[in-house]
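We count ligands from 1, going down the list as the structure has it; atoms in each ligand are counted the same way. Owing to the predicted nature of the structure, the values given are computational and were not obtained by experimental measurement.
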Amino acid sequence: MVRHLFGAALASSLLALPFGAGAQDKMVIKAADVHPPGYPNVVAIENLGKKLEKETNGRLTLQMYHSMQLGGEKEMIEQAQVGALQISRVSVGALGPVVDDLNVFNMPFIFRDEAHMRMVIDGPIGTEMLDKVSASSARLIALGWMDGGTRNVYAAKPVTKPADLKGLKVRMMGNPIFVETMNAMGGNGVAMGYNELYSALQTHVVDGAENNPPSFLTANHYQVVKVYSLTGHLIIPEIFVFSKVTWDKLSKDDQALLKKHSREAQMEQRQLWNVMVGESEAKLKAAGVQFVAADKPAFYKATQPIRDKYGAKYATLLKRIQDTK
Ligand code: BDP
């Protein structure tokens, strides 16, 4: 009887081994992005995966679900929160409703230019913000930043000044700050997922949207509306986050490895981004898209109420952002 029990216990513990949550187990890290293969953000995360695979002799591998296979960014964030997905690369715009601290980056005309934004995310403020996300109740570990360029309005007609937006329904990312920003700019902001936008443009549910040149190109929105007005109202960094549920199961060494390669991915995406922006602009122009200069100071002035409303609680941080040179 005793022998029998012992034997059974041994057999079950042996059986349990390959399926346990031990630190040395194999793991497939699922990553998701709304963008297609070849997009800088997708490539940088795939390369992070290749490094992990090499350095752990295949124990850790990464599988990329690109092109909105797992839905829009709201859905991707939710899946990472419950551990159905490990890495979500999303716009800070989409994460703002989950981690309010991030909304400081979601205000219009907060960064002087892209170089300024990069200095902020690469420096102490960037690190503090990643830590804030990880320490929040969002159940996400923030690994790194990416460049999301400058967002400009696109529609069937030029938008050079606030009056041009009158009566236009313009899709914005799902965050109240953006809808209010578009309303302040003179249009009617409509919150909608990126995954719904192409058909919304086609069916005139919205008249236009706003984004950087690589997204305008790769999401094929330029096939529907062909005027790209350089309003430059938003420069929003992007972020990639890791599911905390899964993170807590990783060994300290694996966590450190992920953090190290995340910083490298942040820098690699930057190089790819610089190239992609130039290529996208050329392709858009070749496809007949009209690039139009806009009265940025007028849009800056029109959006002052948004900075006043949302910026008050970030006064100290905003000063540090402005002082970053
Ligand atoms: C793109 C961002 C992506 C957002 C998208 C959007 O890279 O993360 O989902 O804009 O507008 O520029 O939703």
Can you pull out the closest protein heavy atom to atom 12 (O) of ligand 1? Residue, atom name and distance to 0.1 Å, please.
-> Asn211 OD1, 2.6 Å
Run the contact test for Arg171 against ligand 1 with a 4.0 Å cut-off on heavy atoms, strictly below, and give the result.
-> yes
Which residue owns the protein heavy atom closest to atom 3 (C) of ligand 1, what's the atom, and how far is it?
-> Glu73 OE2, 3.3 Å
Give a yes-or-no answer on whether the side chains of Tyr39 and Ser215 include a donor-acceptor pair shorter than 3.5 Å.
-> yes
Would you check if there is a donor-acceptor pair between the side chains of Asn47 and Glu268 at a distance under 3.5 Å?
-> yes
When you look at NZ of Lys283, are more than 12 heavy atoms from neighbouring residues, nucleotides or ligands closer to it than 6.0 Å?
-> no
For Ser91, counting its heavy atoms only, list the atoms of ligand 1 lying under 4.0 Å from any of them.
-> 8 (O)
The atoms of ligand 1 lying under 4.0 Å from a heavy atom of Ser215, numbered in the order shown, are 1 (C), 12 (O)
Does the cation-pi check pass for Arg307 over Tyr300, that is, NZ or CZ under 6.0 Å from the six-membered ring centre and within 45° of its axis?
-> yes
4.0 Å heavy-atom contact, Arg89 with ligand 1 = yes
Considering only protein heavy atoms, which is closest to atom 2 (C) of ligand 1, and at what distance to one decimal place?
-> Glu238 OE2, 3.1 Å
Salt-bridged, Glu128 to Arg320, with N to O below 4.0 Å?
-> yes
May I ask you to check if ligand 1 and Tyr39 share an N or O to N or O distance below 3.5 Å?
-> no
Would you call the rings of Tyr154 and Phe216 parallel, tilted or perpendicular if under 30° counts as parallel and over 60° as perpendicular?
-> parallel
Please could you name the atoms of ligand 1 that Asn212 approaches to less than 4.0 Å, counting only its heavy atoms?
-> 12 (O)
Considering residues, nucleotides and ligands other than Lys244, do more than 12 of their heavy atoms fall under 6.0 Å from its NZ?
-> no
